[in-house]
Each structure stands twice: as structure tokens, then as C-alpha cells.
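Notes follow once the structure below has been shown.
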Amino acid sequence: MLTLGIETTCDETGIAIVRGTDEILSNEIASQIELHRPYGGVLPELASREHAEIFLPLLDLALKNAKISLDQIDLIAVASGPGLLGPLLVGVTAAKSLSLALNIPFIGVNHLEAHLFAALMGLPKEERYPALGVIVSGGHTQLLLCTSVDTFIPIGDTHDDAMGEAFDKVAKMLGLPYPGGPEIERLAKTGNPDRYTFRPPNMKEYPYSFSLSGVKTKVLYTLYGQDFRGELKPIDDQTKRDISASFQKGVFTDLIEKTLKAANAFNCKTIIFGGGVTSSQTLRTWFDARKGDLTLLWPDRILSLDNGAMIAGLGAHLFSHGHPPSSLTLRPTPRIPFNIK
Ligand code: KG4
Ligand code: ZN
């Protein structure tokens, strides 16, 4: 079975062809980072237009690199949420149009569930459960108890900013370009992680949840004082490095400790990671140092970004396990719950 995967939830257009559930024949990604950089974040209207413009050339490229023609595709999988409504509409409309034109089924999948599927691609899957799922991206921070490849019980999330979002906002305060995570990781290498304490709080009633807005404000006050009125000033290089190192240390230590505590409490021997923040080599190294006898499954670098292959893989998995195809009335859902059973 050949599945075409379509990803347009945010600022990457992803189109991929996957054989079965795991064999990636092509995985084309058109990033809009440069387009949005001047604004310090993603502009939804601009993102939608760019997805619409790039879609057909990217589809041609994906077919060419997979060495197949459109009429060989058996199934279309599309990320139908969560994400930005305009960008989602482009992908979902394209999936419906292709499904009608080619007379093949299409299936809408949850983008976040696909992030976790990405780490499982190419590996045996069924024997790993219960597993703990960790999704940290620009829009989400979630701990999930995974009871199978496609069933999840949310056990913690963020009460305010998503982790990637917090990195992006702190980077902005430091005058660094978007996206901020990789920039902060780079500067942190030569910074002093102990110069400042930026540790997010533990919340008694929500032991596996996160709150990052307090540390973000603390960074702002550290840089500009409590009477900050919106005017950013130049910051010396050493302070930039030390803030980066201290912020990264505080936030990642919080994530690692809550994740390990949850894995222990829910008797999970495997942790599955997904989302853009998990491309941090620093995070991977620090987790590895503390994993004990846990198995940590990180997505391949290319699969930790938003991409079509993880959408195709999860779509093919669901379809081959009896999940019905979607109907033409499927609406994109900016916020959707996990498949809870
Ligand atoms: O999953 P993703 O590509 O897009 C969303 O669905 O949000 O995640 C992008 C986020 C951005 O906020 C970016 O700053 C963050 O992932 N990120 C990082 C690193 N690389 C990317 N955060 C911290 N450290 C990194 N090395
Ligand atoms: Zn994502």
C-alpha cells in the first residue's frame, strides 16, 4: 500500500510517500521559516498562501523522488489538526480534491499523535506499551500515557506557554532570530548555566504539568528590570550566553524530572519523544544521562520537524487497523483531543 502524507498545520508544507507504514520513499519539506522570520513568529494568513502556492510543485517533487505516479497512490493521509485553521484548510482541501479525483480514500490524522508515530517508524511497535509520550513543540507541551500506537491518555500539559514558544519568546528578548530554540542551544554552549536560576514551578495538584510564563517573565525582568515598558535594549554577548544556558538548563531540567517521575508512576519502560524541541541535542544528551534502564525513542532529526512522512505512516497504520476513512465533510480542527480509549 502506498500512502501520500500531507502536512500543513503550521509553517512547514510536508508531502511524503510511504510504503506500508514505515518505508519512506520520499519526504519533501518546504519550510517557511525565512518568510516569517521578520515577524518573530508565524503569520497565519501568510502561511496559508504559501502552503497553497507550494503544494503542487512539492507534490510533483515527492512523486518524482519516490519514482511513482499519482495513480499508484492507494491512500491519502492528511493532518487535520491541531494547528492553524487557514493552513489546515489548504491541506485538508487538497486531500479531499485528490481523493475525489483519484477515487481513493483519505484519512484525517492528529498531527500530535503523528509526532509520536515518527519516533516509532522503522521499529517494532506493539510490545512497547504502556509507554510515556512526550510532545514538546512550538504549540504543544504534553505528557501522555500511550496504551497502544494510537491510544493515549493525557496526564499533563502546559498551563500557559508551550515549551518551544517559551524558547522563541526568550530568544526574541535576547534579540535572536526566529525560531529561537536552536539559537539558544547554540549560545548556551559557551554560557554559564548557573549564573541565573530559571526553574519553572512544580504544581502540587498537577505534578506532570508545566508553567513557563513565570520563568519567561523572570528573564525579561533580569534583562530589563521590573519597570520594563516594551523597549528592548542592546545586551552584551556574555549575558546573552549566560541567559541562554541558564534558561535552557532550568526548562529542560523541569521537563526531564517530570517525565522521569511520570514514567515511574505509570510503570512505563519506554519514553517516546516528538515535536521540534526534541531536535535539541542538549536535551537528548541530558535525558540519556539520566535514563537508567528506560528505553528512549527519539525521532530521526528530519522526522522531528513537521513532515508528511509521519502523517502518512500514522494514516496507513490507522487504515490498516480498521479505522474508517474520512468523509468529504471532514472539517479541520485547530484543537482536537487525543484518541482516548
Ligand atoms: O514541532 P515544530 O517544528 O513545530 C510546531 O509544531 O510547533 O516545533 C518548532 C519549535 C520552535 O518553537 C523551536 O524554537 C523549537 O521547536 N526548537 C527548539 C530547538 N529546535 C527547535 N527548542 C529548543 N531547543 C532546540 N534545539
Ligand atoms: Zn509539529
Side-chain angles (χ1 to χ4, degrees), residues 5-14 27 29-33 36-37 39-42 44 47 51 78-84 87-88 91 109-119 133-142 157-158 161-174 176-189 191 193 198 210 212 215-216 243-256 273-287 298-311 314 334-336:
I6 300 174
E7 156 64 41
T8 62
T9 60
C10 188
D11 61 345
E12 263 110 23
T13 318
N27 187 21
I29 300 171
S31 169
Q32 303 178 4
I33 283 180
H36 299 286
R37 185 164 277 156
Y39 309 98
V42 179
H51 284 303
V78 60
S80 53
L84 301 169
L88 283 167
V109 308
N110 182 320
H111 172 87
L112 295 179
E113 296 180 10
H115 265 307
L116 292 182
F117 191 84
V134 178
I135 300 173
V136 271
S137 71
H140 297 89
T141 306
Q142 287 273 352
D157 58 20
T158 174
D161 289 349
M163 194 162 290
E165 184 186 2
F167 270 92
D168 294 338
K169 287 179 176 168
V170 166
K172 207 171 176 178
M173 291 175 207
L174 294 172
L176 302 171
Y178 171 84
E183 296 292 325
I184 289 187
E185 183 176 25
R186 184 176 58 79
L187 286 187
K189 287 190 170 71
F198 295 129
F210 303 86
L212 300 171
V215 278
K216 192 187 64 187
I243 293 261
S244 296
S246 304
F247 178 77
Q248 182 178 254
K249 180 180 174 189
V251 169
F252 282 170
T253 305
D254 184 53
L255 175 65
I256 292 168
F273 294 91
V277 179
T278 68
S279 60
S280 165
Q281 191 52 52
T282 307
L283 180 66
R284 293 182 181 211
T285 306
W286 289 356
F287 248 118
W298 301 95
D300 272 359
R301 220 31 90 76
I302 190 75
L303 293 179
S304 62
L305 302 171
D306 287 352
N307 67 88
M310 66 182 188
I311 307 297
L314 178 59
R335 300 179 76 86
I336 36 174

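Numbering of ligands and ligand atoms starts at 1, following listing order.
Counting heavy atoms of neighbouring residues, nucleotides and ligands inside a 6.0 Å radius, atom CZ of Arg335 does not exceed 12 of them.
The shortest distance between side-chain heavy atoms of Val170 and Val215 does not fall below 4.5 Å. Using a 4.5 Å cut-off on side-chain heavy atoms (C-beta onward), Val134 and Leu255 make contact. In this structure the side chain of Val136 never reaches within 4.5 angstrom of the side chain of Phe252, judged on heavy atoms.
Counting atoms of ligand 1 from 1 in the listed order, those under 4.0 Å from a heavy atom of Pro179 are 13 (C), 14 (O). Ligand 1 places these atoms under 4.0 Å from at least one heavy atom of Ser279: 20 (N), 21 (C). Atoms of ligand 1 lying under 4.0 Å from at least one heavy atom of Gly180, given by number and element, are 14 (O). Using a 4.0 Å cut-off to heavy atoms of Gly139, the atoms of ligand 1 that qualify are 7 (O). Below 4.0 Å from some heavy atom of Asp168 lie the following atoms of ligand 1, by number and element: 11 (C), 12 (O), 13 (C), 14 (O). If you number the atoms of ligand 1 from 1 as listed, the ones under 4.0 Å from a heavy atom of Gly138 come out as 5 (C), 7 (O), 8 (O), 9 (C), 10 (C), 12 (O).
Asp306 OD2, 3.3 Å is the protein heavy atom nearest to atom 6 (O) of ligand 1. Taking atom 18 (C) of ligand 1 as the reference point, the nearest protein heavy-atom neighbour is Gly181 CA, 3.5 Å. At the shortest separation from atom 1 (O) of ligand 1 among protein heavy atoms lies Gly276 N, 2.8 Å. In terms of protein heavy-atom proximity, atom 26 (N) of ligand 1 is nearest to Glu185 OE1, 2.9 Å.
The CG atom of Asp168 sits 9.5 Å away from the NZ atom of Lys172 when rounded to the nearest 0.5 Å.
Centred on the Zn ion (ligand 2), the OD1 atom of Asp306 and the NE2 atom of His111 lie at an angle of 100°, reported to 10°.
A donor-acceptor pair under 3.5 Å links the side-chain atoms of Glu185 to the main chain of Thr282, judged by distance alone. Using modelled atom types, one side-chain atom of Thr8 and one backbone atom of Gly91 make a donor-acceptor pair closer than 3.5 Å. Checked by atom type and distance alone, the side chain of His51 never pairs as donor or acceptor with a backbone atom of Glu7 at under 3.5 Å. Checking side-chain atoms of Thr141 against main-chain N and O of Met163 turns up a donor-acceptor pair under 3.5 Å.
The closest approach between any non-hydrogen atom of Cys10 and ligand 1 is not below 4.0 Å.
Close placement of the Phe247 and Phe167 rings is indicated, their centers lying within 6.0 Å of each other.
Of all the heavy atoms of His115, the ones lying under 4.0 Å from any atom of ligand 1 belong exclusively to the side chain. Contacts with ligand 1 closer than 4.0 Å are made by heavy atoms of both the backbone and the side chain of Val277.
Not one N/O/S atom of His140, from backbone or side chain, sits under 2.8 Å from the Zn ion (ligand 2).
In terms of polar-atom proximity, defined here as any N/O pair under 3.5 Å, Phe167 makes no such contact with ligand 1.
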